[in-house]
Amino acid sequence: MKIKYILIVLVLAFLFLILCIKMDILNDLDNTIGKELYHLHDTPVSTIISGVGMIGSTVGIISTLFLFMIILAWLERSFVSSAVLFFTALLGNIGNKLLKAIIARERPAFPEHVEEGYSFPSGHVMIGGVLLGMITYNLVKRTSQKNIKQAIISITTFLILIISVSRLLEGEHFVTDVIGGILAGSIMLIVMIKLDRYVHQLVKNRKIKKEIAM
């Protein structure tokens with residue numbers, strides 16, 4: 001399936017999810033699942049999951065962002081990929097805040113919240129997902145070994161899953177908030193990969209023109 005069709009499907013699914021939330025179609029299901037999962041938040045396994053899920057927190061995102069900006073700059077011997085990665089996190093944060101303000105969904109009522117603000121879509125999942133996705137894209141395109149590519153993609157998928165589950169166990173989000181974060185993050189990831197390719201091609205064309213001029 002062409003990437004543009006995947007993008008269209010993701011956008012339609014995201015809009016449909018928003019419609020369901022606005023019409024309160026999934027509220028009962030959200031609350032039922034949310035309460036059941038929140039009851040597990042004091043278990044040892046939940047503590048481990050929440051610890052790994054901190055990758056999607058503000059501190060986790062900033063630390064991961066700057067670590068891989070340095071790694072990509074070293075691998076590429078330029079700051080092009082690092083700059084795109086920075087703007088990915090920045091735009092992800094801005095986009096998430098805008099979506100939350102527009103949809104204005106309150107957080108679940110059953111826990112005592114650590115997080116402030118609105119609930120949909122999950123910022124940890126959306127921003128963490130698109131950042132990890134871009135890092136994965138940058139690492140995968142730099143290796144030709146299929147097993148390494150599969151390992152990188154599997155690790156990323158696992159981490160995003162853990163971040164998603166951690167938000168439910170902590171009671172900070174409904175299931176549909178997490179699904180919304182995955183959809184919004186996936187949409188943004190496709191757009192940012194397109195931007196990354198465009199910027200790299202632009203830089204390459206300028207280098208060719210400069211070499212010809214010399």
Side-chain angles (χ1 to χ4, degrees), residues 14 17 30 33-35 37-72 81-139 152-189 192:
F14 186 66
L17 186 61
D30 262 337
I33 296 174
K35 287 177 182 177
L37 289 174
Y38 183 63
H39 289 156
L40 304 173
H41 79 286
D42 285 330
T43 62
V45 174
S46 177
T47 302
I48 295 171
I49 291 174
S50 294
V52 178
M54 286 298 291
I55 295 172
S57 68
T58 301
V59 174
I61 287 172
I62 292 174
S63 301
T64 303
L65 170 63
F66 284 101
L67 172 63
F68 278 93
M69 281 178 66
I70 293 170
I71 292 173
L72 291 177
S81 292
S82 298
V84 175
L85 191 65
F86 175 80
F87 279 107
T88 297
L90 178 62
L91 293 174
N93 185 50
I94 294 172
N96 182 257
K97 283 182 167 55
L98 284 173
L99 287 169
K100 283 185 174 181
I102 292 169
I103 298 163
R105 187 188 200 186
E106 296 297 331
R107 289 184 183 269
F110 36 91
E112 295 180 3
H113 292 294
V114 175
E115 303 287 346
E116 296 180 355
Y118 292 120
S119 189
F120 182 93
S122 167
H124 282 61
V125 177
M126 177 181 169
I127 305 168
V130 71
L131 177 62
L132 290 174
M134 277 302 290
I135 290 170
T136 298
Y137 162 73
N138 275 286
L139 295 178
I152 294 171
I153 293 171
S154 297
I155 291 170
T156 300
T157 303
F158 175 74
L159 289 175
I160 293 172
L161 178 63
I162 291 296
I163 293 171
S164 301
V165 173
S166 73
R167 302 311 285 157
L168 299 175
L169 292 174
E170 291 163 10
E172 295 293 343
H173 288 287
F174 295 107
V175 174
T176 45
D177 297 333
V178 169
I179 295 173
I182 292 172
L183 290 173
S186 299
I187 292 166
M188 188 173 180
L189 177 60
M192 294 310 298

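Treat the numbers as computed from the prediction; the structure is a model and nothing was measured.
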Nearest heavy-atom pair of [X] and [Y]: which atoms, and what distance?
{"X": "V178", "Y": "V125", "answer": "O-CG1, 3.7 Å"}
{"X": "A184", "Y": "F14", "answer": "CB-CE1, 3.9 Å"}
{"X": "F120", "Y": "L17", "answer": "CE1-CD2, 3.7 Å"}
{"X": "T64", "Y": "G60", "answer": "OG1-O, 2.7 Å"}
{"X": "G180", "Y": "P121", "answer": "C-CB, 3.7 Å"}

Nearest 0.5 Å, please: how far is [atom2] in [Y] from [atom1] in [X]?
{"X": "E170", "Y": "H124", "atom1": "CD", "atom2": "NE2", "result": "7.0 Å"}
{"X": "S122", "Y": "K100", "atom1": "OG", "atom2": "NZ", "result": "6.5 Å"}
{"X": "L65", "Y": "I127", "atom1": "CG", "atom2": "CD1", "result": "11.5 Å"}
{"X": "I160", "Y": "T136", "atom1": "CD1", "atom2": "OG1", "result": "7.0 Å"}
{"X": "S81", "Y": "I135", "atom1": "OG", "atom2": "CD1", "result": "11.5 Å"}
{"X": "I61", "Y": "L131", "atom1": "CD1", "atom2": "CG", "result": "6.5 Å"}

Are the side chains of [Y] and [X] in contact, using a 4.5 Å heavy-atom criterion?
{"X": "I163", "Y": "L132", "answer": "yes"}
{"X": "L139", "Y": "F68", "answer": "yes"}
{"X": "P108", "Y": "E172", "answer": "no"}

Between the main-chain N or O of [Y] and the side-chain N or O of [X], is there a donor-acceptor pair closer than 3.5 Å?
{"X": "S82", "Y": "M69", "answer": "yes"}
{"X": "N138", "Y": "M134", "answer": "yes"}
{"X": "H173", "Y": "S119", "answer": "yes"}

**Asked** Is the OH atom of Y118 crowded by more than 12 outside heavy atoms at less than 6.0 Å?
**Response** no

**Prompt:** Would M54 and V59 count as a side-chain contact (heavy atoms from CB on, under 4.5 Å) if you check the C-alpha gap in whole Å, the side-chain angles of each, and the deciding distance to 0.1 Å?
**Reply:** CA-CA 8 Å; M54 286 298 291; V59 174; 5.7 Å; no

Checking R107, R167, R105 against D177 for salt bridge (charged side-chain N to carboxylate O under 4.0 Å, His left out), the one that qualifies is R105

When the side chains of residues 83-90 are checked against the rest of the protein, which donor-acceptor pairs come out under 3.5 Å, sequence neighbours left out?
unit_1 : atom_1 : unit_2 : atom_2 : d
T88    : OG1    : V84    : O      : 2.8

